[in-house]
Amino acid sequence: MAKLFLGTKESSPVVLVQNQKTPTIFNAGFDFWVGESDANGKLNYKIEPAELVFTGVKDIGDWCLAYRYYYKKNIQASLIFSDLEDITGTDAMDYFFYQSGATSVEFPKLTRVTGNSAMYYAFSYNTNLTTVVLENLVEVSGEHAMVSCFSECSKLTSVSLPNLTTISSQSGCYSLFSSCSYITSADLRRLTTISGNSGASSMFFGNSQLKTVNLNSLTSVTGNTAMTQMFK
């Protein structure tokens, strides 16, 4: 390294630092994921609105997103899992955005949820959640896979799972949309099989405005309490 002299006195080496932009991960900055320090050095989570786009993610492993935004009530975020096809990890999204600020959640390519407790309470109690896209979901087979995943989301008005054919595990969809008090319709037109203890029990429990449910293809219901209190 070259030396710098001021007169006859050697000075400290000069280091040139290139200014770099803060990298983004899934369309959000480093400070969104880790937090940011205020003027007093206090670390806080960032609460500016964000659109999280999980491009390239086709599966989610064990505990990968569990509790990531648990109880971050002031966050406003829309989440788009544009390439996600399967969730095979145990507790992969366990309490992911529980009682947080998700405003919309989209899984346009998700076909199977096979991990145990994979989406356990993942988005429950998101009181500003208005949109859920699960249009290509075919199978829920992990034990407790989607227990209360969207329960207590008071701004949801409709549910569409038009390609779901199979719920085949213990408590797979237990209480999935329970206490979503403004849902008026639910489309499960291709659901043929509910099996496993409590497979779909309490799925729409407490939905006092629910008027229309399409279950035109349902032909097989097995397992203790498979549909108990599903529409209570």
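Sequential numbering from 1 along the given sequence is applied to the chain's residues.
When Tyr120, Tyr98, Tyr125, Tyr121 are each tested for a ring pair (Phe, Tyr, Trp, His ring centres under 6.0 Å) with Tyr70, only one passes: Tyr98.
In this structure, the side chains of Tyr69 and Leu79 stay at 4.5 Å or more apart for every pair of heavy atoms. Residues Leu188 and Leu161 form a side-chain contact, since some pair of their non-hydrogen atoms from C-beta on lies under 4.5 Å apart. With contacts defined as side-chain heavy-atom distances shorter than 4.5 Å, the pair Leu52/Phe32 qualifies.
Side-chain atoms of Asn27 come within 3.5 Å of backbone N or O of Glu51 as a donor-acceptor pair. Side-chain atoms of Asn40 do not come within 3.5 Å of backbone N or O of Lys42 as any donor-acceptor pair. Judged by distance alone, with hydrogens and angles left aside, the side-chain atoms of Asp62 form a donor-acceptor pair with the main-chain N or O of Thr90 at under 3.5 Å. Not a single donor-acceptor pair under 3.5 Å links the side chain of Asp86 to the backbone N or O of Thr114. Side-chain atoms of Asn116 never come within 3.5 Å of backbone atoms of Gly142 as a donor-acceptor pair (strictly under, hydrogens ignored). Proximity of a side-chain donor or acceptor of Asn126 to a complementary backbone N or O of Ala102 within less than 3.5 Å is detected. Between the side chain of Asp83 and the backbone N or O of Lys58, no donor-acceptor pair lies under 3.5 Å. Between the side chain of Asn197 and the main chain of Asn224, a donor-acceptor pair closer than 3.5 Å is present. Side-chain atoms of Ser141 never come within 3.5 Å of backbone atoms of Ser168 as a donor-acceptor pair (strictly under, hydrogens ignored). One N or O on the side chain of Thr111 and one on the backbone of Glu85 form a donor-acceptor pair closer than 3.5 Å.
Asp59 and Thr88 share a side-chain donor-acceptor pair at under 3.5 Å. Ser208 and Ser181 share no side-chain donor-acceptor pair at under 3.5 Å.
Separation of atoms CG (Asn136) and NZ (Lys109) is listed at 10.0 Å; rounding is to 0.5 Å. Residue Thr184 holds its OG1 atom at 8.5 Å from CD of Gln209, rounded to the nearest 0.5 Å.
Classified by interplanar angle (parallel below 30°, tilted 30° to 60°, perpendicular above 60°), the ring pair Phe204/Phe231 is parallel. In this pair, Phe123 and Phe96 present their aromatic rings perpendicular. The plane angle is above 60°, beyond the 30 to 60° band. Using the six-membered ring where Trp is involved, Phe107 and Phe81 have ring planes that are parallel, under 30° apart on the 30 and 60° scheme.
Under the 4.5 Å side-chain heavy-atom criterion for Ile, Leu, Val, Met, Phe, Trp and Tyr, Ile167 and Tyr174 are members of distinct hydrophobic clusters.
Minimum heavy-atom separation, Asp94 to Ser117: CB-O, 4.3 Å. When every heavy atom of Arg112 is checked against every heavy atom of Leu137, the shortest pair comes out as N-CD1, 4.1 Å. Ala92 approaches Ile87 most closely through the heavy-atom pair CB-CG2, 3.7 Å.
Residue Phe97 places its CZ atom among more than 12 non-hydrogen atoms of other residues, nucleotides or ligands, all under 6.0 Å distant.
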